[in-house]
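Right, one structure below, let's go through it.
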Amino acid sequence: MELRVSDDGDPMPDVERRALSAGTETPLEHTQGIELWLVRWAVEGVGGRFRVEDTETGTTVVLTFPRR
C-alpha cells in the first residue's frame, strides 16, 4: 500500500532531503524539525519505505507499507 502526501509550497531544501535520505544528520547539515523523522522511523519500523519526490508543484512524501 502506498500513501502520498503532497505540498504545493516551496520545495524541500536540499539539506533536509539529504539528511532524510542518508538517515543521519551532522552538526553542519541537519533538518529543522523532527516531524518527518518520526514518520520515517514509524514507517521503516513496520518494514515500509519512506521517500521524498520533487513534483512540478512542490514536494511529495511517499510512504510505502508492506502488505500483511
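Worth saying up front: this structure is predicted, and the values here are computed from it rather than measured. Along the sequence shown, residues are numbered consecutively beginning with 1.
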Going by atom type alone, with no hydrogens or angles, which donor-acceptor pairs under 3.5 Å involve a side-chain atom of residues 56-65 and a protein atom two or more places apart or on another chain?
| residue | atom | partner | partner atom | Å |
| --- | --- | --- | --- | --- |
| Thr59 | OG1 | Met12 | N | 3.1 |
| Thr60 | OG1 | Ser6 | OG | 2.8 |

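Applying the side chain to side chain donor-acceptor pair (under 3.5 Å) criterion to Glu53, with sequence neighbours excluded, gives Arg4, Arg51. Looking at residues two or more places apart in sequence or on another chain, you find a side chain to side chain donor-acceptor pair (under 3.5 Å) between Asp54 and Arg17.
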